[in-house]
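A short write-up of the structure that comes next.
Numbers here simply count residues along the sequence, with the first being 1.
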Amino acid sequence: VITNFTMVDPRMLAVLFGVVGLVRATPPTDFRFSNTHGDGMVLQVPGMIWGWGTPDQTVVINISAPSIAGEPLLQTKVSSDGVWRQLVPAHTEYSGLTEFTITAVSGGQTTALTSVLFGRVVLCSGQSNIATVTVPKALNGTAEVAAAPSFTHVRLFKVAQDANDSKLDDFAVAPETPWGAPTLTNIVSFSATCFFVARDLYTDLGGEVAVGVVQSASGGTAVRNWAPIEALAKCPQPYNSPDRYGTHPYEHAVLYNAMIHPLTTGPTSISFVIWDQAESDSFPQTPLGYYGCQTTFHVDSWRRAFGQPTLPWLFVHLQPYTGSGPCCLPDLRAMQLQALALPAVGFASAVDLGDPSSPLGNVHFQNKQVVSQRLVAVALQLAFDRPRTTDGYGAWPPPAFLTQSVQSTGSKFEVAVTLAAEAPFSLMFGATVDILNQTSAICPATVDPGNCSGFEVLTSDGVWHPATAKISGASVLLSAKATVIDTVGSRKLAVSALSVATTPYAVGSRYAWNAWPLATLFAANKDGSPGLPILPWQQALTMAAPSA
């Protein structure tokens, strides 16, 4: 018998979960669970179940399993707007992989959810690297599809494409993938990243905790489509024109309203958010600085809506691709990192996962397994309070630029860059090799060399020079020889800097600062293999010219 439930006054639920300002639809006449629920779902507790009914009617909820005799110990009422909610507290009976039936009765009507697992829920959202790269389109897709049905305690839910000018309290369109375990049928249209994260999390939790993943994503969309209107008011909006912006199919907040907000009516209890989006905000017409501002308020607004002020938020740091060229992507990657100013925000870098021959276009890299493993490693630290390790993908965050010193001798320049991290680390050179044995250390033949760069040194004449690098403890020593670049038609000629009147001197450095980063610097794993890639940097110093 399930005991020790705590009765919760429905009037207190909005206070407990911070639910304010919901836009109500016309209450339905039938008694039912929310469309966000379903047979085979995963419910994270403590967490809310909710649905629709006749205002002021009592709702009695019974939670049972074949081996557990449930009792009608949960009771609530339908509110005046037709919504009923009930908090399901944590309980020892819900710690295994037992399937439960949740039955709700009100006004002589009965509705039930069957095959419900209690476990962890992940919300997975973004644009086309979530929505378009499905499991069969990922690296080794055929084998991944065949293996997916064996993960019966991983449950999938895919929100259907929809948009609305007003916040919806429930999904207006039936889910594209209703709640259920992976099958050979539903896995072929499910996001590779979302499934791999859920699968790897389930595995890393010892196969003892069910994991549900909600996919809510749409290709070609911008951050402003996914942020509620009140979050958009926090940043200057360059897109107030009624005209459609570029190729973006949706306008302000409409995807949040239809595809995210229904999950907050209860709200859904979730462990963390996976966010993979930014490409549609990288076009040259997107003002510099806009994404950095908007993404911060975007994170905060979702946390408020779900009533979880420190809900862990994990984003994918953009992969190499050539769509926007060197003008925009390095700055956009830097703006993504501004979200780290908020608590419980992490990232998985994809700067070494370029896929120049992807059949989906080089913006859609196929190696979702590696980025998913990195995301789960961060999730274990932020959402599960697992200790940071220095093995495998656990050493997060990776070392980052701390400081630099420069020295110039004639036309030869040296820059010593010191990196720092929260945990002990060692550096190594390496490369990630894609499915066609193309390495992240070499500019692919199909990519314009102007889009590729690795280590570079900046000189006082404003020229960036390719540099060689050597590791020394926590530092990287860069060496370069000054050149003056003169472009004649499509030819680039390198001339010794000594031929100009004033010899330049070194004033800074950068690494992997281009549309297609040549990622060769990694934090080493214990086994000597490359671990997490070092983040790109671009740093300049203001200094006087060296004395003659």
Side-chain angles (χ1 to χ4, degrees), residues 289 292 295-296 314-315 317-318 329-352 374 377-378 381-382 387-391 393-408 413-431 440-441 453-460 464-480 505-514 517-526 530-544 546:
T295 192
T296 302
L314 284 60
F315 65 88
H317 196 226
L318 280 176
L329 284 178
D331 289 318
L332 184 59
R333 291 189 185 101
M335 285 186 283
Q336 285 185 288
L337 298 175
Q338 291 184 28
L340 296 175
L342 298 174
V345 173
F347 66 90
S349 180
V351 296
D352 59 322
R374 292 173 180 174
V378 182
Q381 289 180 206
L382 297 184
R388 181 182 292 108
T389 69
T390 55
D391 189 21
Y393 292 112
W396 185 90
F401 179 97
L402 176 63
T403 187
Q404 66 184 346
S405 60
V406 300
Q407 180 178 349
S408 300
F413 310 126
E414 290 185 348
V415 179
V417 177
T418 300
L419 307 179
E422 297 178 19
F425 66 92
S426 59
L427 298 173
M428 67 174 293
F429 292 120
S440 61
S453 58
F455 294 99
E456 296 175 278
V457 168
L458 175 65
T459 50
S460 55
W464 288 97
H465 307 275
T468 59
K470 180 174 65 174
I471 293 171
S472 177
S475 298
V476 182
L477 306 179
L478 308 184
S479 299
Y505 52 94
V507 295
S509 68
R510 68 185 181 188
Y511 164 68
W513 196 263
N514 212 323
L518 300 182
T520 57
L521 187 61
F522 291 78
N525 291 328
K526 280 187 175 180
L532 296 178
I534 304 304
L535 290 178
W537 75 77
Q538 177 174 271
Q539 299 288 338
L541 295 175
T542 301
M543 56 182 292

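The structure places CG of L314 at 10.0 Å from CZ of F347, a figure rounded to the nearest 0.5 Å. For the atom pair CH2 of W396 and CG of L532, the computed distance is 10.0 Å after rounding to the nearest 0.5 Å. Between the OG1 atom in T418 and the CG atom in L477 there is a gap of 8.5 Å [rounded to 0.5 Å]. One finds the CG atom of L478 at 12.5 Å from the CZ atom of R510 (value rounded to the nearest 0.5 Å).
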### Query
What's the verdict on side-chain contact (heavy atoms from CB on, under 4.5 Å) for F315 and T295, showing C-alpha distance, side-chain angles and the deciding distance?
CA-CA 11 Å; F315 65 88; T295 192; over 6 Å; no
### Query
Between Y511 and V351, is a side-chain contact (heavy atoms from CB on, under 4.5 Å) present by the stated rule, with each step listed?
CA-CA 11 Å; Y511 164 68; V351 296; over 6 Å; no
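Proximity of a side-chain donor or acceptor of S460 to a complementary backbone N or O of Y505 within less than 3.5 Å is detected. Distance alone, capped at 3.5 Å, places no donor-acceptor pair between the Q538 side chain and the W513 backbone. Remark: side-chain polar atoms of Q336 are paired, donor with acceptor, to backbone N or O of L318 under 3.5 angstrom.
Contact annotation: the side chain of P398 never approaches that of F522 to less than 4.5 Å [non-hydrogen atoms, C-beta and beyond]. In this structure the side chain of L535 never reaches within 4.5 angstrom of the side chain of F401, judged on heavy atoms. You'll find the side chain of E422 reaches within 4.5 Å of the side chain of P397, heavy atoms only. Within the 4.5 Å cutoff, the side chain of T459 has heavy atoms near those of the H465 side chain. The shortest distance between side-chain heavy atoms of F455 and L521 falls below 4.5 Å. Two residues are said to be in side-chain contact when any heavy atoms from C-beta on lie closer than 4.5 Å; R333 and P517 meet this criterion. When side chains are defined from C-beta on, V507 does not count as touching F413, because their heavy atoms never get closer than 4.5 Å.
Taking each heavy atom of S475 and L427 in turn, the nearest pair found is O-CD1, 4.2 Å. Among all heavy-atom pairs drawn from D352 and P533, the shortest one is OD1-CG, 3.6 Å. Of all heavy-atom pairs spanning A420 and L402, the tightest one is CB-CD2, 3.9 Å. Nearest heavy-atom pair across P536 and A512 is CB-O, 3.5 Å. When all heavy atoms of H317 and S349 are compared, the pair lying nearest together is CB-CA, 3.7 Å. Of all heavy-atom pairs spanning A506 and V406, the tightest one is O-CG2, 3.5 Å.
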